[in-house]
Number of protein chains: 2
Amino acid sequence: MRTRRPADRASEIARAALDLFVTRGFAATKLEDVAKAAAVSKGLPYVYFKNKEELFKAVITEAIGGPLADASDMVDHFDGSSEDLLRGLVAGFRAFEESPAGGVVKLILAEAGNFPDVARFFCAQFDRRGRDLFIRALQRGVHRREFRTIEDIEATAIIIAQPLAMFSVWKRSLAPYDPTTLLDGDRFYTAYLDFLFKGLRP
Amino acid sequence: MRTRRPADRASEIARAALDLFVTRGFAATKLEDVAKAAAVSKGLPYVYFKNKEELFKAVITEAIGGPLADASDMVDHFDGSSEDLLRGLVAGFRAFEESPAGGVVKLILAEAGNFPDVARFFCAQFDRRGRDLFIRALQRGVHRREFRTIEDIEATAIIIAQPLAMFSVWKRSLAPYDPTTLLDGDRFYTAYLDFLFKGLRP
DNA sequence: ATGGATACTGACCAGTCAGTCAATACGGCT
DNA sequence: AGCCGTATTGACTGACTGGTCAGTATCCAT
């Protein structure tokens, strides 16, 4: 048996690509560097991915494929308080965001204009479904009188989700260059949940 | 007198560049396209900007130069309620965000990794100072007993600012590809202010 | 051991684009 | 009109990179 199988190679290349795409941007990343980072030769990525664009799509879809189903299950079957449900959703997002796949958020936002079909796919699979989770959690809380009544639930769900996405982007872009704030994950999520519940309680 | 003066050309080129950088990304934008969009020849940008990177920096600094001073004045001299002050800050951001210069937020976040010095400049000039405005507004409100006490003012200021930045990015990236939500500015800012004050009142 | 299949390599090609520069158009001045 | 200086052009070049492919290495079955 060989030490490395093709499946490993494909995902090694995809991981290296995600990493470089996130830090440098899609256009500024050379496939040769991807190959180097994955410790393979320049030609090998083309064996597993038809071209650079296909690699991009594969990276995105692979990264967001898994974690959403778990979250959806959680909302469906949760039986604690709605505050705890929101806490659970946020914890789920944090786990995703702090994994290597977390970088896709920044990547997608930066490259949506150049890859309309990837953007549409991401909207349908992640943006929309993710937002629905928050909408359902809010509705549940309002219905059970744990939260105050909310004028515009859909817009509020988006507003609630935005700091999460923004923090993910910020961590990977400006944060390394900002010497003044040392806002780490713990501090951010604590303040976020605090503010969130202050705004939602009756 | 000539119909067009050099100063016009420089800012025409900068405007066209900002537009294309925002929609396509820096690396994916050809200077030839910038020239075409500005209705000049390929060589002219190099008369006014040493190279592509200098053009990038000029675009950024020009775009964020103006609007922050006004906001700072507002916080210093405001004499209404702190809620109205926050409303004023948000309105100021909205005006900036909906101007052509609004695209820099997305641009910076996407390209920070490739232009560390621009990133640092932006952090110092915009990110940090902008955040300070919110911090001061929050402190003012707490001090005057218009807002509840806040555990971590600095983190809360960031969290408050994040939806604004994110909405700006989202509008220019995913929104055009998301057929399900029609979240326009009015609806977003209404829900945002609503949620904001629900979370801040004593 | 030999043949063949699969995994992988890296030199090479063709297209692209940042950046240059000799030539030109134009406006003002005398 | 004729000159001068400034603004502008666009063909060109050199470097770089996406993508190809002929060839090599490695393993397995017979």
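Reminder, nothing fancy here: chain letters follow the sequence lines and each chain counts from 1.
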Among C:dT20, C:dT9, D:dT8, which nucleotide has an atom closest to any side-chain atom of B:Y46?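 For the B:Y46 side chain, the nearest candidate turns out to be C:dT20.
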
Side chain of B:L44 - closest among D:dT9, D:dG18, C:dT20: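 For B:L44, the side-chain atoms sit closest to D:dT9.
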
Give the rounded distance in Å between these two atoms: [atom1] of [X] and [atom2] of [N].
X	N	atom1	atom2	result
A:L55	D:dG18	CG	P	11 Å
B:F49	C:dT20	CZ	C1'	18 Å
B:E53	C:dA18	CD	C1'	13 Å

Does this structure show an ion pair linking B:R136 with B:D132, if we count only N-O contacts that are shorter than 4.0 Å?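 Judged by the 4.0 Å cut-off on N to carboxylate O distance, B:R136 and B:D132 do not form a salt bridge.
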
Could you check whether B:R187 pairs with A:D152 (Lys NZ or Arg NE/NH1/NH2 to Asp/Glu carboxylate O, under 4.0 Å)?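 Counted as a salt bridge, because a side-chain N and a carboxylate O are separated by less than 4.0 Å.
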
Less than 6.0 Å separating the ring centroids of A:F115 and A:F121?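 No, the ring centres sit 6.0 Å or more apart.
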
Under-4.0 Å side-chain N/O to phosphate OP1/OP2 contact, B:R9 with D:dA7: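 The answer is no; no side-chain N or O of B:R9 sits under 4.0 Å from OP1 or OP2.
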
Below the 4.0 Å mark, does D:dA7 have OP1 or OP2 next to a side-chain nitrogen or oxygen of B:Y48?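 No.
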
Could you tell me which residues satisfy side chain to side chain donor-acceptor pair (under 3.5 Å) with A:K30, sequence neighbours excluded, listed by chain and number?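 With sequence neighbours excluded, A:K30 shows a side chain to side chain donor-acceptor pair (under 3.5 Å) to no residue whatsoever.
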
Under 3.5 Å between N/O atoms: give me all the protein pairs with nucleotides 11-17 of chain C, atom names plus distance.
unit_1, atom_1, unit_2, atom_2, d
C:dC17, OP2, B:K30, NZ, 3.3

Verify side chain to side chain donor-acceptor pair (under 3.5 Å) between B:R140 and B:S82, making sure each step is shown before the conclusion. CA-CA 7 Å; B:R140 183 182 187 272; B:S82 295; 3.0 Å; yes

State which residues pass ring-ring contact (aromatic ring centres under 6.0 Å, His included) with B:Y177; sequence neighbours excluded, sorted by chain then number.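 Expected list: none.
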
